[in-house]
> 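Encoded as structure tokens, here's the structure I'll be asking about.
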Amino acid sequence: MDSKTTVFFEGLGISFDVSSVAFTLFGHEFKWYGLIIAFGFSLAVLYGGRMAYKWKMSLDGMTDVLIWGTIFGIIGARAYYVAFEWDYYSTHLSEIPMIWNGGIAIYGGIIGALIGAAIGCKIGKINFHNLLDLGSLGLLIGQGIGRWGNFFNQEAFGSNTNTALFRMWSQKIHDTLEASQPLLASKGMSVDPNMPVHPTFLYESAWCILSFFILHYIVTEKRLFKGEVFMLYGVLYGAERMIVEGLRTDSLYIGSTSLRASQVLSMIILVVALAFFVFNVIRYRKNTLPSRLVVEPEIKGKYLLRKDK
């Protein structure tokens, strides 16, 4: 099957060929999706490692966090997807482990990674709240870069639009929408396979990269308490995903309802993260925040200079 497709950006007046395969080596195809995900993951690890060094966090402890977080992240990403596609996988149990065939979910990966990171922090004796702040920045790097894998696969796109500047269309998008029309119609969404669509992968990528720079500034210059950046990550990403998920045509739904699982979860994360952030800021201003959460006065707004406990 030809992996190439021509992508048209009507609003920009340009078009070019895109292939899901980056190169072939020894008869094996290496796809852009996997390479981009790996690149994003590598950058996130490098960033986290550099910050951990500046914060004097144990390298062995961070290795434990990385190993456990990665393993549980992969399991969580697959489990989340399978859970919401159980009608199919309940009769195809042997395909559940076949993650190389596609079918992972970011939220499942985040949940799994948090569980794994908590285990790694316990084993490596790393402060979990500091780890959450660094981890959220790593997630934004991985998500911002990783979404471009969806572009090369021509997936994770949105509903029709004639006004979005970066609206796009390809034969693969056409075929996907055409095959999805009955399901989308049952969820109250009408689509025209011949019309351009929202590049939702681009929206999320741009938002994650912008959020990274904002939170990087906060964590290095303005952080008041440990876990603050993680809460702000929940607010920023929750808000973006809640909006963009409503545009997508490949959402996972809650049962037979028209409720999008990730949209509902994003709303919950946004509200909870914002509430915790405001609550902790108030406690900080009143000097009632537990000392274990307060960033030490001598390093506030700077990189941590003492060994993390």
Side-chain angles (χ1 to χ4, degrees), residues 5 7-8 10-11 20 33 76-93 95-96 98-99 101-111 143 146-147 149-208 234 237-272:
T5 187
V7 184
F8 298 87
E10 182 182 292
S20 62
Y33 184 87
R78 183 59 168 175
Y80 186 101
Y81 183 86
V82 169
F84 286 101
E85 292 288 341
W86 186 244
D87 284 346
Y88 174 82
Y89 286 103
S90 62
T91 57
H92 299 80
L93 296 177
E95 294 184 25
I96 292 178
M98 299 180 183
I99 195 170
N101 288 335
I104 58 175
I106 287 178
Y107 271 137
I110 293 174
I111 294 170
Q143 289 169 293
R147 277 303 178 192
N150 297 132
F151 170 69
F152 284 94
N153 278 355
Q154 286 294 279
E155 61 187 9
F157 50 81
S159 55
N160 298 131
T161 176
N162 279 320
T163 56
L165 177 61
F166 294 96
R167 59 189 181 275
M168 66 180 190
W169 184 90
S170 69
Q171 186 60 46
K172 188 170 183 179
I173 290 175
H174 171 278
D175 295 344
T176 302
L177 285 181
E178 190 171 59
S180 303
Q181 274 185 312
L183 173 62
L184 293 174
S186 70
K187 303 298 183 182
M189 179 180 288
S190 177
V191 294
D192 183 347
N194 297 303
M195 286 180 58
V197 298
H198 284 285
T200 49
F201 80 92
L202 176 60
Y203 300 160
E204 181 155 331
S205 175
W207 185 267
C208 286
Y237 185 67
E240 177 273 324
R241 189 64 185 271
M242 182 177 66
I243 296 171
V244 174
E245 188 69 22
L247 298 173
R248 287 179 58 168
T249 56
D250 62 343
S251 298
L252 297 173
Y253 292 89
I254 300 176
S256 59
T257 72
S258 59
L259 295 174
R260 302 166 190 263
S262 292
Q263 194 170 34
V264 173
L265 183 55
S266 296
M267 187 180 302
I268 295 172
I269 290 173
L270 169 60
V271 172
V272 172

> Check step by step if side-chain contact (heavy atoms from CB on, under 4.5 Å) holds for Asn153 and Phe201.
CA-CA 11 Å; Asn153 278 355; Phe201 80 92; over 6 Å; no

> Looking only at non-hydrogen atoms, find the nearest pair between Ala179 and Pro182 and report the distance.
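Minimum heavy-atom contact is O-CD, 3.7 Å.
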
> Would the distance check show the side chain of Arg260 and the main-chain N or O of Glu245 forming a donor-acceptor pair, the cut-off being under 3.5 Å?
yes

> If the plane angle is over 60° it's perpendicular, under 30° parallel, otherwise tilted; pick one for His92 and Tyr88.
parallel

> For the atom pair OG (Ser205) and CD (Gln143), what is the distance rounded to the nearest 0.5 Å?
10.0 Å

> Check whether any side-chain N or O of Trp86 sits under 3.5 Å from a backbone N or O of Gly255 as a donor-acceptor pair, and report yes or no.
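Answer holds: no.
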
> Kindly give the heavy-atom pair with the smallest separation between Tyr80 and Gly108, and that separation in Å.
CB-CA, 3.4 Å

> Can you list the steps and then say if Val244 with Trp207 is a side-chain contact (heavy atoms from CB on, under 4.5 Å)?
CA-CA 10 Å; Val244 174; Trp207 185 267; over 6 Å; no

> Given the rule in the side-chain contact (heavy atoms from CB on, under 4.5 Å) test, do Thr249 and Val197 qualify, once you have shown the distances and angles that lead to the verdict?
CA-CA 10 Å; Thr249 56; Val197 298; over 6 Å; no

> Of all heavy-atom pairs between Leu252 and Ala105, which one has the smallest distance, and what is that distance?
CD1-CB, 4.5 Å

> When you measure from the side chain of Thr161 to the backbone N and O of Thr163, does any donor-acceptor pair fall under 3.5 Å?
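Yes; at least one donor-acceptor contact below 3.5 Å.
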
> Would you confirm whether Lys187, through its side chain, and Leu259, through its main-chain N or O, come within 3.5 Å as a donor-acceptor pair?
no

> As an exercise, state the distance from CD of Gln263 to CD1 of Ile268, rounded to the nearest 0.5 Å.
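Separation between the atoms: 11.5 Å.
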
> Is the ring pair Phe8/Trp169 parallel, tilted or perpendicular, if the boundaries are 30 and 60 degrees?
tilted

> Grab the two heavy atoms, one from Glu10 and one from Pro196, that are nearest each other, plus how far apart they are.
OE1-CG, 4.1 Å

> Kindly determine whether Tyr203 and Phe166 satisfy side-chain contact (heavy atoms from CB on, under 4.5 Å), including the steps that lead there.
CA-CA 10 Å; Tyr203 300 160; Phe166 294 96; 5.5 Å; no

> Say you draw a straight line from CG of Asn162 to CE of Met195; how long is it, rounded to the nearest 0.5 Å?
3.5 Å

> Rounded to the nearest 0.5 Å, how far does CD1 of Ile243 lie from OG of Ser266?
10.0 Å

> If we ignore hydrogens and angles and just use 3.5 Å, is the side chain of Glu204 paired with the main-chain N or O of Arg241 as donor and acceptor?
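Absent.
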
> Is there a side-chain contact between Phe84 and Ile254, using heavy atoms and a 4.5 Å cut-off?
yes

> Can the ring centres of Tyr107 and Tyr237 be said to be less than 6.0 Å apart?
yes

> Please round to the nearest 0.5 Å and tell me the distance separating atom CE of Met168 and atom OG1 of Thr200.
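Those atoms lie 7.0 Å apart.
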
> Working note: Ser170 + Gln154, criterion side-chain hydrogen bond (donor to acceptor under 3.5 Å, both in side chains); need CA distance, chi angles, decisive distance, verdict.
CA-CA 8 Å; Ser170 69; Gln154 286 294 279; 2.8 Å; yes

> Please answer whether the main-chain N or O of Cys208 pairs with a side-chain N or O of Arg147 as donor and acceptor at a distance below 3.5 Å.
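A pair under 3.5 Å: no.
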
> Any chance you could measure Asn150, atom CG, to Leu202, atom CG, to the nearest 0.5 Å?
11.5 Å

> To check you understand the geometry: which heavy-atom pair defines the closest contact between Thr5 and Gln171, and what is its length?
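Result for this residue pair: OG1-N, 3.7 Å.
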
> Where do Ala164 and Arg167 come nearest, in terms of heavy atoms and distance?
O-NH1, 2.8 Å

> Donor-acceptor pair, Ser180 side chain versus Thr176 backbone, under 3.5 Å?
yes

